[in-house]
Structure formats: C-alpha cells, structure tokens
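Data first, discussion second: the structure below is written as structure tokens.
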Amino acid sequence: MAGHMTPDEFRQAGYAVVDWIADYWATLDKRLVTSPDPPGTVAARLPAGPPTHGEPLEALLADLDSLVTPGLTHWQHPGFFGYFPANTSGPSVLGDMVSAGLGVQGMLWATGPACTEMETVLLDWLADLMDLPQRFRSTGPGGGVIQDSASSATLVATLVAVHRAARGRWRQVGVDRRYRVYTSTEGHSSVEKAARIAGLGADGVRLIEVDPDTRAMSASALRAAIEADISAGVIPALVVATVGTTSTTAVDPLPQIGPICAEHGVFLHVDAAYAGSAAVCPELRFGHDGLEYADSYCFDPHKWLLTGFDCDAFWVADAGELVEALTVLPEYLRNAATESGAVIDYRDWQVPLGRRFRALKLWFVLRWYGVEGLRAHIRSGVALAARFADRVRADDRFELVTGHPYALVCFRLRGDDEPNERLLAAVNATGRVYLTHTRVAGRHTLRLAVGAPQTTEVHVDEAWELVSQAARTDAD
C-alpha cells in the first residue's frame, strides 16, 4: 500500500512532473490545437473506479499522455486564437507550486500574515505599474485584493452597490426594494449572473444600447435609463462599464459615464478583465481615461499578463464599505489581530471564506519578467494582431468589422453569414489554429485573439494563409 509521499519521493516525482510539463510546452506546436474526438471519448477510456492499491507515478504520467492531452483544447498553443488568452508561464507555474506546497489558508491575516501582506503590497505595485487612480492604493481608504475571476469581482461590486443603495439595510433585511444594474448590450454575461445571485433577478439589469460604430455604451442612453427608473420608483444601484468588451474590445466612455454616476450616487464598477493588462504600457492606457470616477475596477492578470488562472486583480476606492457589506464574524474566527483593527482580513473582501496564496504566482511573474518584460509581451501581441489586420485590410474579399485597439481582430468575408460560418469551421477543422466567432450588429464575425507566449509572426501568418485558402476553396 502506498502511504504518504515522503519529501524524497516528492523530490523525484516532482522532477518527473516538471520534465513532463516542459516537454508538453516544447511540443505544443506539433499538436492539434483542439481535439477531434467526439464527446464521451475520454470518459469511456477511464476505468470504472479508483485503484484498490496505489500506483506508481510512471503510470499516471503515461495516462496523461494517452488519455488527457489528446482530449484537450490547448490554451497555451501558439495557434490558439479562439478566446481571450488564459495564459500561464514558467514563473507562474513555479509560484503556484510553492503556494500548493505551503498549503496556506489565507482567510485571515492571522492565518497567514505574509500571505495577506504580500497580496496588499503586490496590488499596490500593480496599481502603480498601470498608473491607476491614487484612491485605489492601500495607503488610503481603498485597496486591492485578488479574486478568482472578473465574474467574482462583478458579484462583489454588485453586493457592495446594493448595500450602498439600501443605505445598509440590505445586510439585515435583504432586497426589499427594486434596484437596477446597468451595463451595455456588449457587457459581460457575469453582470446578469451577479444580479440574479444578488436577488435582483435578470429584470434587475438594464442593457444600454451602444454606439453602432464604436460598440461602446451610449452615455446619453444610460442617463435616460437612469432618469426613467428614478421616476418609476426604481433605485439605480450599479453601472458596470467595460474597458475592452468580450465581443470586440470596445471601450465604454468613462469620462461621460463617470459624471452621470456621480450625479445620481450610483456605484461605478469598471470591468477591464482582458484589456486592463495593456495598461502596463503607457501608450495603451487610453481605456483608463475617466477611471478616477470608478468605485471599483478589475482586470485579469490570468488573461494577458502571463499569470495562470485564477488571478483577478480587484480594487475598491472605499474598503470600509466593502468590508461592511460582506463581513460576518463567528466566534471561532475572533483573534487579537482582527480585534486590533490594524490588519486586513481578506475573507471580508470576497464571497468565500477560504483563500489560496495567489499572490505568490503574481510575485514570481513580476520579478521574473520585470516591468519591461511584461511590456514586451503586451506589445508583441498588439503588433501581431496589427499584422493580421493588415492582411485582412489588403484583401478585397474581407473586411475588418471594428477597430483593434488591443490584440483582438474582428473580421469577416464581405456578404452573407453562411460563407463566414463555413470559413470558421474549415479553418478550425485543420487543427492548426483555433478561432471563434461573435455577432456584430447581427452579422457573423470571426475573432482572432493573440496572446499565447509562444505565438510568433509565423503562427499569425499561418492563420492568415489558412483563412485565405479556406475562402478561396469555398468560392471555387
């Protein structure tokens, strides 16, 4: 019977697992980006139950090769252009490994002081690096925290916004009035989900129309919606503005939206899940104009900043209000540090109680790459996307559907939807690249999102060759 793995056994096994991951990364380019197998293939190959007696690591690694990797969509593949990236890197994996090895539970300052303090400092580092407004620093009334995802950041912002709109009554009596959340028609699905979880229902969300050209929220439509709700006795609680929408990376106009929120006392959350990373580059901070109006802001280092999922950076301008909305203190969590009021207990900044030491992977990434290394990664993605967009622009059969301020290109064959649907299927069927689609003004549109660390000009050019060829074949 295999017992607990000793430190020496772990050392040997660990070397083997690191070798396996390194070999996986080294051979990514030779793999198909997506699995051609039908649903149920992997499940059918797994045994009916766990082994009675422990097995050697070699058996596990062999099954990774034969069972797991052939049934994956490879997000780190240089030809993965499908969704916004969810990229990792060597230093991030190593930081996660240390976090896993320490096994610290960072719910309170007292349960892991370094876990809490490093997170606070790193979120201040990031705020400085991205030149976020001063009010988000931990040195004032605000501060930052790592959430698992931008969806959780939206949920927390929603809960704090309802708490504010209810003037604190919500904590005790729940949702006893009609509150409204506003986001654009291009806003993320997590806004509706958060409203439903918060008890406001899908009807609690008003989708605001966008400018037909920029796909960004119309500030005048937002104002009209808020004023109509107020006159109908509905309380405007939250506006979620997006910097870099999922569909097309549109940027909502914060300089116009901010004053409307300020005038009506509405909580403003800015969701920059994907595009926020770009702000490490001074020339790519245009999306943050007007951010000084925001009550909270988030972006995902786990998308475009080389930090493995899950790591969403979330800041609030008023940490006191956040804690007041979410804190619950049972007797078994009482401790001297908390009572002193001198520490942050991050359990009060999120939905779950427990939390991992996520700051470590961020620390490893920031120190390994340095500011200039991170900027080089972002700039390379932007340049590769521009290279692809130039190919599209130069081909009369195709059109660019929107601008490409970051590293997403939205394009399509001119004309009907059907040829575009066939084109996407044909390109993805090659297994060399993976693209996704969206609808822009009702039209089927292809999306190519650059971000994987291994992606180079070669891969972007290959993607264009496959697109161009598929269009030619379809036309013949």
Side-chain angles (χ1 to χ4, degrees), residues 91-92 95-96 98-99 102-150 152-153 156-157 159-160 269-270 272 276-277 279-280 291 294-302 305 307-308 310-329 333 335-371 374:
S92 174
D96 245 344
V98 175
S99 171
L102 292 173
V104 166
Q105 170 48 275
M107 55 191 179
L108 303 167
W109 177 88
T111 62
C115 176
T116 293
E117 293 185 19
M118 180 178 278
E119 189 162 328
T120 306
V121 170
L122 283 183
L123 273 283
D124 283 342
W125 278 15
L126 271 183
D128 285 341
L129 174 56
M130 298 163 72
D131 197 26
L132 297 182
Q134 207 53 45
R135 59 201 300 219
F136 291 137
R137 304 296 189 288
S138 68
T139 44
V145 59
I146 298 175
Q147 302 283 353
D148 54 11
S149 63
S152 286
V156 169
L159 299 174
V160 181
H269 173 61
V270 175
S277 295
V280 301
L291 193 56
D295 292 287
S296 61
Y297 167 86
C298 80
F299 88 102
D300 291 337
H302 69 229
L305 213 58
T307 309
D310 49 353
C311 184
D312 167 82
F314 175 63
W315 286 269
V316 289
D318 181 353
E321 183 180 48
L322 166 68
V323 170
E324 195 180 280
L326 297 184
T327 188
V328 181
L329 188 59
L333 290 180
N335 64 88
T338 296
E339 306 286 335
S340 77
V343 301
I344 290 175
D345 290 329
Y346 273 131
R347 64 183 190 108
D348 295 329
W349 294 49
Q350 60 175 24
V351 173
L353 170 65
R355 54 201 331 273
R356 294 184 297 123
F357 197 167
R358 293 192 191 95
L360 274 176
K361 59 185 166 190
L362 197 52
W363 194 48
F364 271 51
V365 167
L366 289 169
R367 292 189 61 183
W368 173 271
Y369 285 98
V371 172
L374 295 175

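Residue numbers start at 1 and run along the sequence shown. These values consider heavy atoms only, across backbone and side chains, with no hydrogens, waters or symmetry-generated copies.
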Side chain to side chain contact (heavy atoms under 4.5 Å, CB included) with [X]: which residues, sequence neighbours excluded?
{"X": "Leu353", "value": "Met107, Leu333, Arg347"}
{"X": "Ala272", "value": "Val243, Tyr297, Phe299"}
{"X": "Cys115", "value": "Val104, Phe357"}

Heavy-atom pair with the smallest gap, counting every atom of [X] and [Y]:
{"X": "Phe314", "Y": "Ala153", "answer": "CD1-CB, 3.6 Å"}
{"X": "Ala359", "Y": "Leu122", "answer": "O-CD1, 3.2 Å"}
{"X": "Leu126", "Y": "Ala313", "answer": "CD1-CB, 4.1 Å"}
{"X": "Asn335", "Y": "Ala337", "answer": "OD1-N, 3.1 Å"}
{"X": "Ser296", "Y": "Val316", "answer": "CB-CG1, 4.0 Å"}

Residue pair [X] / [Y], side-chain heavy-atom distance below 4.5 Å:
{"X": "Trp315", "Y": "Arg135", "value": "no"}
{"X": "Val160", "Y": "Val156", "value": "yes"}
{"X": "Asp148", "Y": "Arg358", "value": "yes"}
{"X": "Ile146", "Y": "Leu123", "value": "yes"}
{"X": "Thr120", "Y": "Tyr346", "value": "yes"}

- line: Applying salt bridge (Lys or Arg N to Asp or Glu O under 4.0 Å) to Asp300 and not counting sequence neighbours gives Lys303
task: Would you please name every residue forming a salt bridge (Lys or Arg N to Asp or Glu O under 4.0 Å) with Asp128, sequence neighbours left out?
output: Arg137
task: Verify, without hydrogens or angle tests, whether Asp345 (side chain) and Asp348 (backbone) share a donor-acceptor contact under 3.5 angstrom.
output: no
- request: Would you please say whether a donor-acceptor pair under 3.5 Å links the side chains of Gln147 and Trp349?
  value: no
- line: Per side chain to side chain contact (heavy atoms under 4.5 Å, CB included), Pro301 is matched among Thr307, Val280, Leu374 by Thr307
query: Can you check side-chain contact (heavy atoms from CB on, under 4.5 Å) on Val343 and Thr116, steps first, answer last?
result: CA-CA 9 Å; Val343 301; Thr116 293; over 6 Å; no
message: Please determine whether side-chain contact (heavy atoms from CB on, under 4.5 Å) holds for the pair Leu326 and Gln350, giving the CA-CA distance in whole Å, both sets of side-chain angles, and the decisive distance to 0.1 Å.
response: CA-CA 7 Å; Leu326 297 184; Gln350 60 175 24; 5.8 Å; no
field: side-chain contact (heavy atoms from CB on, under 4.5 Å) evaluation trace for Asp295 with Asp318
entry: CA-CA 7 Å; Asp295 292 287; Asp318 181 353; over 6 Å; no
Can you give the donor-acceptor pairs under 3.5 Å from side chains of residues 360-371 to other protein atoms, not counting sequence neighbours?
residue, atom, partner, partner atom, Å
Lys361, NZ, Gly308, O, 3.1
Lys361, NZ, Asp310, O, 3.2

